[in-house]
Q: 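One structure follows; several queries about it will come next.
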Number of protein chains: 2
Amino acid sequence: MALSFISPLLPHHDHNRCREKALQTADRICDNRGVRLTPMRRQVLELIWESHKAIKAYDLLERITPKAGTTKPVTVYRALNFLMEQGLIHKVESLNAFIGCSFSDHQHQQLLLTCSNCQEVEERPAEAVMEAIDRELEQASFTIYYKAIEIHGLCTHCAKIDATANHIIE
Amino acid sequence: MALSFISPLLPHHDHNRCREKALQTADRICDNRGVRLTPMRRQVLELIWESHKAIKAYDLLERITPKAGTTKPVTVYRALNFLMEQGLIHKVESLNAFIGCSFSDHQHQQLLLTCSNCQEVEERPAEAVMEAIDRELEQASFTIYYKAIEIHGLCTHCAKIDATANHIIE
DNA sequence: GTTATTATGTTACTATATAACATTACTTTA
DNA sequence: TAAAGTAATGTTATATAGTAACATAATAAC
């Protein structure tokens, strides 16, 4: 099976590059828009990009430096709100947690697939799904402001590991 | 424009019938499954069906009788969890609130359309959307456990009212 | 350099949800 | 039908999530 690109969710991708790219993109986007990616906001974004798992506001709070543990909730929520407004992160509503957006320059509001085993979140533009939703909403004469499309289940890597484990046991 | 059925979300539908039907369905479903729709659980379901707006756990708490105001959060959350397990209600994740399920006997996990103006929630089976999601997840080799598909925006009634209001102002 | 604006700090609080264990209510069956 | 087992609810306490209101600091605009 030939992959045309390295999925960011393959177990051993170079996550440093992942994070650096996201931060550079954020710098560029904020610069273009004339909004300020302040040190606090940038640090929150960086912490969110530490992994592909969704992270909770209070976990971010503990990791903010300097004075780790002394930063107040409102500070982190303000940074999170800014990052959401700029489309740099998503809130996973069904987890009360946040992930970096891999499609900041393009459309937002992708499908969010969360693995219940490894907790990694994959973003999928899923155009066919979005078109089906648009058609459905047109039928309902419903004007859309915001979409949260969240699926929880077992990702392909965890399914394989599970299958292997079962095989060994047999 | 001829409607083939009376939408439960039309402003003046007979909501008593709506609620009664939901409770009867719940009674039947629980009976069939050999699970107990106890007075507490039934009351919570009834309170949820007071309207088509999503209701929060702590608002339910205040309305539970007897001893309104003395019931503890854990009691209401236990009832809510039971009702969710039985597919009698949905949690609107992006609101931390709950609505009655209009399709308890059939498939679950519909689209939830929440109007940001009137707060009413409409459930839509939206088969085309669900099929598109299934195809997308098959491509991703993702095994689904749970879906939350939530749209916020302006419902058709509120859009019309808005349009009328604008017309009057002009 | 002063003023205006934006961001962050501080204090306090509101809102949402669960853990652990005690008691009560139903169900089973001896 | 009384005893035992199971399921539901009560009680106390606490964990987790998020915001309001006002003070101070940092940056931008003039």
Q: Below the 4.0 Å mark, does D/dT9 have OP1 or OP2 next to a side-chain nitrogen or oxygen of B/Thr38?
A: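 Checking D/dT9 against B/Thr38, a side-chain N or O does come within under 4.0 Å of OP1 or OP2.
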Q: Considering only side-chain heavy atoms of B/Met40, which listed nucleotide, D/dG10, C/dT8, C/dC26, is closest?
A: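 Shortest atom-to-atom distance from the side chain points to D/dG10.
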Q: Between B/Val129 and A/Glu136, which heavy-atom pair has the shortest distance, and what is it?
A: CG2-CB, 4.1 Å
Q: For the pair made of CG in B/Leu80 and C1' in D/dT9, what is the distance, rounded to whole Å?
A: 14 Å
Q: Atom NZ of B/Lys72 and atom P of D/dT12: how far apart are they, to the nearest Å?
A: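 So the NZ-P distance, B/Lys72 to D/dT12, works out to 7 Å.
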Q: Atom CG of B/Leu37 and atom P of D/dA7: how far apart are they, to the nearest Å?
A: 17 Å
Q: Working note: B/Arg42 + B/Thr38, criterion side-chain contact (heavy atoms from CB on, under 4.5 Å); need CA distance, chi angles, decisive distance, verdict.
A: CA-CA 6 Å; B/Arg42 202 172 193 280; B/Thr38 61; over 6 Å; no
Q: Once you round it to whole Å, what is the distance between P of D/dG10 and CZ of B/Arg41?
A: 12 Å
Q: Find the distance A/Gln43:CD to C/dT8:C1' and express it as a whole number of Å.
A: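 My rounded result for the distance is 14 Å.
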Q: What is the per-nucleotide protein-contact pattern of nucleotides 15-24 of chain C, from the 5' end, where B denotes a base atom under 4.0 Å from a protein heavy atom, S denotes such proximity for sugar-phosphate atoms only, and - denotes neither?
A: -BBB------
Q: Assess whether a salt bridge exists between A/Arg19 and A/Glu50, defined as any Lys/Arg side-chain N lying under 4.0 Å from an Asp/Glu carboxylate O.
A: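 A salt bridge is present here (some side-chain N lies under 4.0 Å from a carboxylate O).
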Q: Taking all non-hydrogen atoms of both residues into account, name the closest pair between A/Ser102 and A/Trp49 and its distance.
A: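 In this case the closest contact between A/Ser102 and A/Trp49 is OG-CH2, 3.8 Å.
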Q: How many whole angstroms separate atom CZ of B/Arg42 from atom C1' of D/dA8?
A: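 These atoms are roughly 18 Å apart.
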Q: Does a side chain donor of either A/Thr65 or A/Gln43 reach within less than 3.5 Å of an acceptor in the other side chain?
A: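 Checked: A/Thr65/A/Gln43 side chains pair up, N/O donor to acceptor below 3.5 Å.
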Q: Tell me the interatomic distance from A/Leu60, atom CG, to C/dT8, atom P, rounded to whole angstroms.
A: 15 Å
Q: What is the distance, rounded to the nearest whole Å, between atom CG of B/Leu61 and atom C1' of D/dT9?
A: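 The answer, rounded to whole Å, is 14 Å.
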Q: Pairing donors with acceptors under 3.5 angstrom, does anything connect the side chains of B/His152 and B/Ser94?
A: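 Yes, side-chain donor-acceptor contact under 3.5 Å.
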